[in-house]
Amino acid sequence: MVVAEVLVMNDPLDDAYDVVVIGGGSAGLNGALVLARARRSVVVVDAGAPRNAPADAVHGLFAREGTPPAELLERGRAVVRGYGGQVVSGRVEEVTRDGDGFVVGLADGRTVRARRVLVATGLVDELPEVPGVRERWGRDVLHCPYCHGWEVRDQAIGVLAGGPMSLHQTLLLRQWSADITYFAHTAEPLTDEEAERLAARGIRVEEGDVAAVEVVDDRLVGLRMADGRLVRREALVVGPRMVARVGFLKALGVEPVPHPAGEYVQADATGRTDAPGVWIAGNASDLSAQVGGAAAAGAFAAAQINADLVNEDTERAVAVYREASVGAGAGAGAGAGAGAGVGVGVRGGAGRGA
């Protein structure tokens, strides 16, 4: 693994590519794979900060269930390289338009030109400011039941309310455990209907602020309330504010828009953004996408990018073809005109001679 990471750091960066993929997670690597197999020159610029790095394993991914995130990404990098794609370590600072393409500027001062850009930088989880949450994140402090619900099944689970999705999260988790406690914390008071829905599913409600996550022998044991009480729990689910990492697109006019769970970039069904030539895939445009969904989005966007480039290549070829045809026609016409002039002269001379 260490050798592979050194190779990532030392990969050379060419001057220009058909496509620069920004972000080396599942969406970026799968997109790069499709592009490389389409015989496009492609480079993945990877900042090396995958969102799921704290997790022990990837779940819900066909044929790769339980694979450690780092191992999955290393395999992905190897496959992309195997088809001639490049993966380099770096952080993109800005993308600007230059003629009919783009200039991608890295934090270390390097720049590279691209005909098209695929953004797959994912998002940042802004966690609740409760002591202990960040330290246990990805272990026994979680956020997605589809990612980690099986691992905490039948345990005593707490849900730390803090946003509009908290109630939905709580009801979802009831599918994995009958022992669920909703911690109201700083959330808006429950309506009568919401309280009834929780009660009907046997979900308890704890009022009051949570002061800290309590840990004993490297295990979460409960939540310490502001009034000093310890409410015992074995796992905690939080709702982080999820924000797309796309500040480098500002010069192109692409900025995230609000969402109940954070901020994301709007794109059409193909992943095309409002900036011509820029596509986006994965969590930056779909806050709920798991690894498999992000990878699929990356592959689909890559196919659209290749089709767009094929159209551009064809238009350029047609223009050259037409220019060549016009030139050839002009040449043929000039030759025919010269031949006709000689013929007339000969015929005229013959007549005069007669």
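If you're wondering where the values come from, they're calculated on a predicted model, not measured in any experiment. In what follows, every heavy atom counts, from backbone to side chain, and hydrogens, waters and symmetry copies are set aside.
In terms of modelled atom types and a separation under 3.5 Å, the side chain of His185 and the main chain of Leu160 share no donor-acceptor contact. At distances below 3.5 Å, not a single donor-acceptor pair connects side-chain atoms of Asp14 with backbone N or O atoms of Ala16. Using a distance-only test at 3.5 Å, with no hydrogens or angles considered, a donor-acceptor pair links the side chain of Asp140 to the main chain of Leu220. At least one donor-acceptor pair closer than 3.5 Å links the side chain of Thr273 to the backbone N or O of Val278. Asp268 contributes a side-chain N or O that, together with a main-chain N or O of Gly271, makes up a donor-acceptor pair within less than 3.5 Å. Panel note: side chain Glu135, backbone Gly132; a donor-acceptor pair is recorded below 3.5 Å. Checked by atom type and distance alone, the side chain of Arg233 pairs as donor or acceptor with a backbone atom of Ile157 at under 3.5 Å. Counting only distance, with no hydrogens or angles, the side chain of Asp217 and the backbone of Arg219 share no donor-acceptor pair below 3.5 Å. The backbone N or O of Phe102 lies less than 3.5 Å from no partner atom in the side chain of Asp98, so there is not a single donor-acceptor pair.
Atom NE2 of His143 is separated from atom CE of Met165 by 10.5 Å, given to the nearest 0.5 angstrom. Atoms CG and CD1, on Leu35 and Ile305 in that order, are 5.5 Å from each other to the nearest 0.5 Å. Summarising the geometry, atom CD belonging to Glu255 is positioned 9.5 Å from atom CG belonging to Leu249; distances are rounded to the nearest 0.5 Å. Annotation: the span from Asp56 atom CG to Glu151 atom CD amounts to 9.0 Å, rounded to 0.5 Å. The distance from atom SG of Cys147 to atom CG of Leu61, rounded to the nearest 0.5 Å, is 11.0 Å. Here CH2 of Trp279 is found 11.5 Å from CZ of Phe300. Values are rounded to the nearest 0.5 Å.
Connection of Trp137 to Met242 is not established within any shared hydrophobic cluster, with ILVMFWY side chains joined at heavy-atom distances below 4.5 Å, either directly or through further cluster members. By the criterion of side-chain heavy atoms lying less than 4.5 angstrom apart, applied directly or through intervening Ile, Leu, Val, Met, Phe, Trp or Tyr residues, Leu127 is not grouped with Val159; the two fall into different hydrophobic clusters. Ile180 and Leu142 fall within a single hydrophobic cluster, where Ile, Leu, Val, Met, Phe, Trp and Tyr side chains are chained together by heavy-atom contacts under 4.5 Å. No path of Ile, Leu, Val, Met, Phe, Trp and Tyr side chains, each step under 4.5 Å between heavy atoms, connects Leu172 with Val237, placing them in separate hydrophobic clusters. Residues Val246 and Val257 do not share a hydrophobic cluster, defined by chaining ILVMFWY side chains whose heavy atoms lie under 4.5 Å apart.
Residues Leu173 and Pro145 approach most closely at CD2-CB, 3.9 Å, considering heavy atoms. For the pair Ala211 and Pro131, the tightest heavy-atom approach, listed with the atom from each and the gap, is O-CD, 3.2 Å. Listed here is the closest heavy atom pair of Thr96 and Ala251: CG2-CB, 4.0 Å. Taking all atoms of both residues into account, the shortest heavy-atom contact from Leu73 to Ser26 is CD2-N, 4.1 Å. Nearest heavy atom pair, residue Pro128 against residue Val238, reads CG-CB, 4.0 Å. Residues Leu230 and Gly222 approach most closely at CD1-C, 3.9 Å, considering heavy atoms.
The side-chain hydrogen bond (donor to acceptor under 3.5 Å, both in side chains) with Tyr17 is formed by just one residue from the set Gln86, Arg40, Arg116, Arg115; it is Gln86.
In this structure, Glu129 places its CD atom where only 12 or fewer heavy-atom neighbours from other residues, nucleotides or ligands lie under 6.0 Å away. The number of heavy atoms from other shown groups lying within 6.0 Å of CG (Asp108) is above 12. Enclosure of atom CZ in Arg91 is not indicated, since only 12 or fewer non-hydrogen atoms of other residues, nucleotides or ligands lie within 6.0 angstrom. Other residues, nucleotides and ligands contribute at most 12 non-hydrogen atoms within 6.0 Å of the CZ atom of Arg322. Applying the 6.0 Å contact sphere to CZ of Arg204 captures more than 12 heavy atoms from other residues, nucleotides or ligands. The environment of Glu196 atom CD is sparse: at most 12 non-hydrogen atoms of other residues, nucleotides or ligands sit within 6.0 angstrom. By the 6.0 Å contact criterion, CZ on Arg153 is enclosed, its count of non-hydrogen atoms from other residues, nucleotides or ligands being greater than 12.
Residues Val20 and Val112 have side chains in contact (heavy-atom distance under 4.5 Å, counting atoms from C-beta outward). Between Asp209 and Thr186, the closest side-chain pair of non-hydrogen atoms falls below 4.5 Å. Using a 4.5 Å cut-off on side-chain heavy atoms (C-beta onward), Leu223 and Leu236 make contact. With contacts defined as side-chain heavy-atom distances shorter than 4.5 Å, the pair Arg136/Asp218 qualifies. No side-chain heavy atom of Val21 sits under 4.5 Å from any side-chain heavy atom of Val45. A 4.5 Å side-chain heavy-atom check between His148 and His59 finds at least one atom pair inside the cut-off. A heavy-atom distance below 4.5 Å is not found between the side chains of Val119 and Val95.
The aromatic rings of Tyr264 and His259 sit perpendicular to each other, their planes meeting at more than 60°, with 30° as the lower class boundary.
Under the 3.5 Å distance criterion, with hydrogens and angles disregarded, no donor-acceptor pair is assigned to the side chains of Asp179 and Ser177.
With sequence neighbours left out, the side-chain contact (heavy atoms from CB on, under 4.5 Å) criterion links Arg229 to Glu206, Met225, Asp227, Val231.
Legend: side chain to side chain donor-acceptor pair (under 3.5 Å) pairs involving residues 281-300, not counting sequence neighbours, sorted by first then second residue: Arg51-Asn283, Asp286-Ser288.
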Under the side chain to side chain contact (heavy atoms under 4.5 Å, CB included) criterion, do Val87 and Arg81 qualify, and how do the steps go?
CA-CA 7 Å; Val87 184; Arg81 288 192 176 105; 3.7 Å; yes

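We find that Glu193 and Arg197 are not joined by a salt bridge, their nearest charged nitrogen and carboxylate oxygen being 4.0 Å or further apart.
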